[in-house]
Participant: 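Once you've had a glance at the structure underneath, I'll fire off some questions.
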2 protein chains.
Amino acid sequence: MSIATELVEIIFKDLTLTFKEKQLLAQNFKKLNLPKHSLLLEAGQQVYDQYFVADGCLRTYYIDPDGKEHTVQFAIEDWWISDYTAFFSSSNAVMNIECIQDATLFKISKKDMELLYLKIPKLESFFRKKMERAFASFQKRIISNLAQSASERYLNFVNSYPNIEQNVKNYHIASYLGITTQSLSRIRKDLVKA
Amino acid sequence: MSIATELVEIIFKDLTLTFKEKQLLAQNFKKLNLPKHSLLLEAGQQVYDQYFVADGCLRTYYIDPDGKEHTVQFAIEDWWISDYTAFFSSSNAVMNIECIQDATLFKISKKDMELLYLKIPKLESFFRKKMERAFASFQKRIISNLAQSASERYLNFVNSYPNIEQNVKNYHIASYLGITTQSLSRIRKDLVKA
DNA sequence: CAAAAAAATTGACCTATGGTAATAAATCAA
DNA sequence: TTGATTTATTACCATAGGTCAATTTTTTTG
């Protein structure tokens, strides 16, 4: 069948689904191609959708009142991305989402999602478990922020996202770690020395 | 019926449940009374359960390699608490959970929970939505850590947990904010002045 | 390929927060 | 109630990381 059906087999490859169910899913996803540097979402917009990253690299970031950017999350192949706070509560985005590399995404709206949960209960399990993992990883990040120095957090980051460094700028990493690019630069210099 | 049934009506008061379903739930929850200062969970232990706080105040904290405590979460009436990273992944706790005030809890194991999800699908929705809110609040905390100064974070905290200050020590708050008690003390002094 | 733009590095200095230690205040327990 | 213990405050100095500004390196684009 269509590309969408194929993709559904990637997105939900861990689920055992009937042909009917796959079809139903495929009908609800929409493919999206975005070039590098484009914005998928801007603060203030209504958030209807969440996105599955089939290919490429994106980041979610918050712009604070001083105009400084803070990267909340990177997303590569096989990750989901959105402004989830806004997505869940059907409120307006506070985050921005930018393509760091050309990206292929599959989107689905919250409304369709909730309908699908009713029709395919194992889908709700699937996303509950995803949420649980995302929750756990955010918790790890909070602990890391509380307990570790900037250079420890950097090493931590490099470990957790081993393949991401080719894709992202240093200032993306710095804004994820909560430090300036200058500090990151010094940290890297010191690590080479040591 | 039993106290457990009553409690289930508190825990799941927002759900429309049949008598049978309530009974089923009540059978799976166990009541727990804990005195102030007792440990509900210690790092290293297997985590089988999550806990609903019917009364009292608890905190989840991580002890880093230097022996410093970092408070990840407070829980008062109507909140759920556990080392969720361990609970979800059935691994050992990295966190400790302590009663800050005498507490009444209702616990349920992950195993029983998963079985209940199958028997009562709206339960899965219920917890998925809880997870979504918890995820969103963790995300807010990450942003707050990245974008705000210690005193901004403190004001933020006081706003988010308006009734908690009577229950907790300053060093609990400091360890939640990622600062020393001395810094918190200075921040409070400056706020009085301003 | 060259010029322009963007990103990264470095240096000098600054500031918020940490560490240590002493003291004061609050809480607990006999 | 009082003495003991825990918690909070304050002062003084140390330090990680920030700011500003100049320079170098890398990437982009015509």
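Letters A, B, ... mirror the listed sequences (proteins, then strands); counts begin at 1.
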Participant: Look at A:K107 together with A:D112 and state whether they make a salt bridge at an N to O cut-off of under 4.0 Å.
Facilitator: no
Participant: Return yes if some donor-acceptor pair links the side-chain N/O of B:E9 with the main-chain N/O of B:E6 below 3.5 Å, else return no.
Facilitator: no
Participant: Could you identify which residues of residues 148-164 of chain B place a heavy atom less than 4.0 Å from some atom of DNA chain C, listed by residue number, or say none?
Facilitator: B:S149, B:A150
Participant: Test: side-chain hydrogen bond (donor to acceptor under 3.5 Å, both in side chains). Region: residues 91-100 of chain B. Which pairs qualify, not counting sequence neighbours?
Facilitator: B:R59-B:E98, B:S89-B:S91
Participant: From CG of A:L177 over to C1' of C:dA8, roughly how many Å is that when rounded to an integer?
Facilitator: 16 Å
Participant: Using atom types as modelled, flag every donor-acceptor pair under 3.5 Å from a side chain in residues 155-162 of chain A to any protein atom, sequence neighbours excluded.
Facilitator:
unit_1: A:N156; atom_1: ND2; unit_2: A:Q148; atom_2: OE1; d: 3.4
unit_1: A:N159; atom_1: ND2; unit_2: A:L155; atom_2: O; d: 3.4
unit_1: A:S160; atom_1: OG; unit_2: A:N156; atom_2: O; d: 2.8

Participant: Each nucleotide in nucleotides 25-30 of chain C should get exactly one letter: B, S or -. Can you fill that in based on protein heavy atoms under 4.0 Å?
Facilitator: ---S--
Participant: Enter the distance from B:Q101:CD to B:T104:OG1 here, rounded to the nearest 0.5 Å.
Facilitator: 12.0 Å
Participant: On DNA chain D, which is the earliest and which the latest nucleotide, 5' to 3', with an atom closer than 4.0 Å to a heavy atom of chain B?
Facilitator: D:dT7 to D:dC12
Participant: Would you say C:dT9 has OP1 or OP2 under 4.0 Å from some side-chain N or O of A:N170?
Facilitator: yes
Participant: Under the side chain to side chain donor-acceptor pair (under 3.5 Å) test, which residues partner B:R128, sequence neighbours left out?
Facilitator: A:E114, A:E124, B:E132
Participant: Can you name the residues that form a salt bridge (charged side-chain N to carboxylate O under 4.0 Å, His left out) with A:D102, not counting sequence neighbours?
Facilitator: none
Participant: Between protein and nucleic acid, restricted to nucleotides 18-21 of chain C and to nitrogen or oxygen atoms under 3.5 Å apart, what atom pairs and distances do you find?
Facilitator:
unit_1: C:dG18; atom_1: OP1; unit_2: B:G178; atom_2: O; d: 3.3
unit_1: C:dG18; atom_1: OP2; unit_2: B:T180; atom_2: N; d: 3.2
unit_1: C:dG18; atom_1: OP2; unit_2: B:T180; atom_2: OG1; d: 3.3
unit_1: C:dG18; atom_1: OP2; unit_2: B:S183; atom_2: OG; d: 2.4
unit_1: C:dG19; atom_1: OP1; unit_2: B:K68; atom_2: NZ; d: 3.0
unit_1: C:dG19; atom_1: O6; unit_2: B:R186; atom_2: NH2; d: 2.7
unit_1: C:dT20; atom_1: O4; unit_2: B:Q182; atom_2: NE2; d: 3.2

Participant: Between B:D83 (side chain) and B:M95 (backbone), is there a donor-acceptor pair under 3.5 Å?
Facilitator: yes
Participant: In a table with atom names and distances, give each donor-acceptor pair under 3.5 Å that connects a side chain of residues 166-175 of chain A to protein atoms at least two apart or in another chain.
Facilitator:
unit_1: A:N170; atom_1: OD1; unit_2: A:R188; atom_2: NH1; d: 2.2
unit_1: A:H172; atom_1: ND1; unit_2: A:K169; atom_2: N; d: 3.1
unit_1: A:S175; atom_1: OG; unit_2: A:T71; atom_2: N; d: 3.2
unit_1: A:S175; atom_1: OG; unit_2: A:T71; atom_2: OG1; d: 2.5
unit_1: A:S175; atom_1: OG; unit_2: A:H172; atom_2: O; d: 3.1

Participant: Please list all pairs meeting side-chain hydrogen bond (donor to acceptor under 3.5 Å, both in side chains) that have one or both residues in residues 177-186 of chain B, counting only residues at least two apart or in different chains.
Facilitator: B:T180-B:S183
Participant: Could you give all pairs that pass the ring pair (Phe, Tyr, Trp, His ring centres under 6.0 Å) test and reach residues 42-73 of chain B, with sequence neighbours left out?
Facilitator: B:F52-B:W80
Participant: When the axes are fitted on five pairs at both termini, how much does the helix from C:dC1-D:dG30 to C:dA30-D:dT1 curve, in 10° steps?
Facilitator: 60°
Participant: Is there a path of hydrophobic side-chain contacts, each under 4.5 Å between heavy atoms of I, L, V, M, F, W or Y residues, that connects B:F74 with B:I63?
Facilitator: no
Participant: Do other residues, nucleotides or ligands put more than 12 heavy atoms under 6.0 Å from the NZ atom of B:K122?
Facilitator: yes
Participant: Could you tell me the separation between the NZ atom of B:K189 and the C1' atom of C:dT23, rounded to a whole number of Å?
Facilitator: 14 Å
Participant: Checking the side chain of B:D64 only, and the main-chain atoms of B:D66 only, is there a donor and an acceptor separated by less than 3.5 Å?
Facilitator: yes
Participant: Under the 6.0 Å and 45° cation-pi test, does A:K31 pair with A:F106?
Facilitator: no
Participant: If I take atom CD1 in residue A:I173 and atom P in nucleotide C:dT9, what distance separates them, rounded to the nearest angstrom?
Facilitator: 10 Å
